[in-house]
Amino acid sequence: MTDVIVTSAPCDFDPRLYNAMPDVQNADADIRRSGALERALAVMAPIFEAHDVTDFCGINLLHKHWMVNAVEIPLQIRRPHADAFELVTSPRRMRNRAATPSSWALRVEGAASRFVPFEFSTDAEVQRCAGLLEPKRAFFAAVGEALITHRLFACFGISIMPRVPLSDNPQARMVEMSSASSRASLVRPVEIEDTSALIQTGWMFSAGKVPKPTCQPVPYCDVEEVPIGPPYHRKTKSHDPD
């Protein structure tokens, strides 16, 4: 099995890796054109099931929302909005002690491989799930080996999916709005049935079933309104609405 190092400290975030990622529309086009999504779903499902992480962890489409500088991390915080809450992700100072990794990307440099934090959150569910996930070194090693073997490490990472509910509406999906010029992304609860115009950016696996996105909330992305359940983004517009 591949020897993969896992790091979780904010100082281990790699701004160059983040900034080199494509925007969501190009990332989505790449995985569909190359067949990478189908390979990832087939390869990752048994690994996630074998390590008992399917109820809180999945794979995410690696992409950037905006650029970060050398002392920043993309950090998600929770704040009140209308009669519910929203999640706001923006570049914050790297030394924020409340930051917990919500996703990891595999950085491959020659024969060396390292899972480094890709995005951070202060959400209580992320913190709880990270405590369950981070000790699973064999899981990270198995995923890392599969990402390298199947040439998927540039497209997908490991992501903690659950968040503390943003509203009392059980039908609401978490929808993300992002602006590259203002360097901010908002996730709000939105009741939406038709996700055909959105780009999915995260996938969870149903234990014991054919690998597929589950109905649990995962992230989505829309330029104006993006759901977070299976992550999606609007397909027909630029990712930056400004």
Side-chain angles (χ1 to χ4, degrees), residues 8 10 13 18 21 23-24 55-68 72-94 96-105 117-131 133 157-192 195 198-204 213-234 239-242:
S8 297
F13 174 74
Y18 185 89
M21 292 296 171
D23 63 33
V24 69
D55 59 342
F56 66 90
C57 188
I59 59 173
N60 60 311
L61 177 65
L62 296 176
H63 62 283
K64 67 172 179 286
H65 289 282
W66 12 258
M67 304 293 284
V68 296
E72 294 176 332
I73 58 173
L75 179 61
Q76 182 183 79
I77 63 171
R78 178 186 178 93
R79 71 183 184 190
H81 172 72
D83 58 350
F85 292 88
E86 65 182 3
L87 298 173
V88 182
T89 303
S90 60
R92 302 293 180 100
R93 297 288 292 182
M94 191 177 286
N96 191 307
R97 294 183 179 180
T100 299
S102 56
S103 66
W104 289 260
F118 189 73
E119 294 176 315
F120 296 82
S121 179
T122 60
D123 182 85
E125 271 297 281
V126 171
Q127 294 175 349
R128 182 185 71 82
C129 294
L133 186 64
I158 295 173
S159 180
I160 294 172
M161 299 297 184
R163 299 292 187 275
V164 174
L166 299 181
S167 76
D168 296 328
N169 182 356
Q171 304 303 318
R173 298 175 183 270
M174 291 194 294
V175 177
E176 183 181 23
M177 301 174 285
S178 187
S179 170
S181 60
S182 62
R183 296 207 303 161
S185 302
L186 301 178
V187 174
R188 292 175 178 167
V190 175
E191 189 168 344
I192 183 173
T195 60
L198 303 176
I199 297 175
Q200 186 168 2
T201 59
W203 296 263
M204 295 178 73
T214 72
C215 60
Q216 302 176 39
V218 188
Y220 293 73
C221 200
D222 172 4
V223 187
E224 296 154 342
E225 291 180 323
V226 190
I228 275 194
Y232 292 81
H233 287 247
R234 180 77 62 178
H239 188 50
D240 180 6
D242 297 329

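Taken from OG in Ser159 to CG in Leu62, the straight-line distance is 9.5 Å, to the nearest 0.5 Å. One finds the CZ atom of Arg79 at 12.0 Å from the OG1 atom of Thr122 (value rounded to the nearest 0.5 Å). From Leu75, atom CG reaches atom CZ of Phe120 across 8.0 Å, with rounding to the nearest 0.5 Å. Atom CE of Met204 sits about 12.0 Å away from atom CG of Asn60, to the nearest 0.5 Å. Taken from OG in Ser167 to NE2 in His81, the straight-line distance is 11.0 Å, to the nearest 0.5 Å.
A search for side chain to side chain contact (heavy atoms under 4.5 Å, CB included) contacts involving Gln127 returns Thr100, not counting sequence neighbours. Partners of Thr89 under the side chain to side chain contact (heavy atoms under 4.5 Å, CB included) rule, at least two apart in sequence or in another chain, are Trp66, Pro74, Gln76, Ser185. Every residue meeting the salt bridge (charged side-chain N to carboxylate O under 4.0 Å, His left out) condition with Glu72, not counting sequence neighbours, appears here in chain and number order: Arg183.
Distance alone, capped at 3.5 Å, is enough to place a donor-acceptor pair between the Asp123 side chain and the Val164 backbone. No donor-acceptor pair closer than 3.5 Å links the side chain of Arg92 to the backbone N or O of Ala99.
Within the 4.5 Å cutoff, side-chain heavy atoms of Arg163 are placed close to those of Ser102. Side-chain contact check for Ser8 versus Trp104: some heavy-atom pair is nearer than 4.5 Å. Proximity of Leu166 to Arg78: side-chain heavy atoms (C-beta onward) are separated by under 4.5 Å at one or more points.
Residues Ile158 and Cys57 approach most closely at CG2-SG, 3.5 Å, considering heavy atoms. Across Leu61 and Gln200, no two heavy atoms sit closer than the pair CD2-O, 4.2 Å.
Ring geometry for Phe118 against Tyr18 counts as tilted: the plane angle lies between 30° and 60°, on a 0 to 90° scale.
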